[in-house]
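Below is one structure, written out as structure tokens; the observations come after it.
Below, chains carry the letters A, B, ... as their sequence lines are ordered, and counting in each starts from 1.
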Amino acid sequence: MKTDLVALPIATADGEFIARYSEKGLAELNFPNGRAGLPLGQSAQQHRPAKGGVVPAKIRGWHRVTAKALKAVLDGREPKTLPPLDMAGTAFQKSVWNQMQKISLGKTKSYGEIALAIGKPKAVRAVGGACGANPVPVLVPCHRVLAANNKLGGFGGGLDWKRRLLKHEGIEF
DNA sequence: TCCGTATTGAACT
DNA sequence: AGTTCAATACGGA
């Protein structure tokens, strides 16, 4: 577990998200309370205000941008600016995440298309895995990635969240 | 090295 | 039209 990260809450109409920052940028973003999002085995842990009590101005600035961007997306608008992202992952995963960020709001892509975009057309399932490993949902729109034939596909731990997010963007089934 | 996976497309009821 | 199945790439144990 990453106890070196600074955790800050973001209140939204859909609940309180929790953002975690490293020294380099936004490292993780969690869905409200326990469910959905990442398999962090720490759902029981209360979010602390900050690491040592002091939140660096640098991080406060990022947090403001993050909160704004998050609310924008939940509001069905494209965020103008994003905080620096500090995602830990393999080269493959970063490629996938990078591709996902290129999906404009309100549009969708299939896992197959993502796989093709990173030059590995056959790696469709692996792409799914990378999506599940995405530490920063919403901002990196893993929810905009559907299965082929416009099927909903899956969403680790909280399929209802995927649905809700898509609905916010005007995508129906 | 084996297992699970947020897939896919083709073959079979 | 719904369901089953094998193939395939990658990460984790």
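Taking CD of Gln93(A) as the start and CE of Met100(A) as the end, the distance is 9.5 Å to the nearest 0.5 Å. Rounding to the nearest 0.5 Å gives a distance of 9.5 Å between OG1 of Thr81(A) and CZ of Arg64(A).
Taking atom CG of residue Asn150(A) and atom C1' of nucleotide dT8(B), one finds them 14 Å apart after rounding to whole Å. Atoms CG (Leu166(A)) and P (dA6(B)) sit 17 Å apart, rounded to a whole Å. Taking atom CG on Asn149(A) and atom C1' on dG2(C), their separation rounds to 13 Å, with Å as the unit. Look at CD1 on Ile118(A): it is 15 Å from P on dT7(B), rounded to the nearest Å. Separating the NZ atom of Lys151(A) from the P atom of dT3(C) is a distance of 11 Å, rounded to the nearest angstrom.
A heavy-atom distance below 4.5 Å is found between the side chains of Leu105(A) and Arg144(A). Residues Asn98(A) and Ile118(A) have side chains not in contact (no heavy-atom distance under 4.5 Å, counting atoms from C-beta outward). Using a 4.5 Å heavy-atom cutoff, the side chains of Glu28(A) and Val136(A) are not in contact. Inter-residue side-chain proximity for Leu82(A) and Leu139(A) is flagged as met; some heavy-atom pair is nearer than 4.5 Å. Side-chain contact between Leu146(A) and Lys151(A) is absent, with no heavy atoms from C-beta onward closer than 4.5 Å.
By the 30° and 60° cut-offs, the orientation of the rings of Trp161(A) relative to Phe17(A) is perpendicular.
When heavy atoms are screened at a 4.0 angstrom cut-off, Gly129(A) is found touching no nucleic acid atom at all.
Consecutive pairing runs in DNA chain B reach the stem threshold at B:1-5 with C:9-13, B:7-13 with C:1-7, where a stem means at least three Watson-Crick or G-U wobble pairs with distances under 3.5 Å.
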Might you list the N or O atoms of the protein lying below 3.5 Å from N or O atoms in nucleotides 6-10 of chain C, with each pair's distance?
residue, atom, partner, partner atom, Å
dA7(C), N6, Arg125(A), NH1, 2.6
dA7(C), N1, Arg125(A), NH1, 3.3
dT8(C), N3, Arg125(A), NH1, 2.9
dC10(C), OP1, Lys120(A), NZ, 2.9

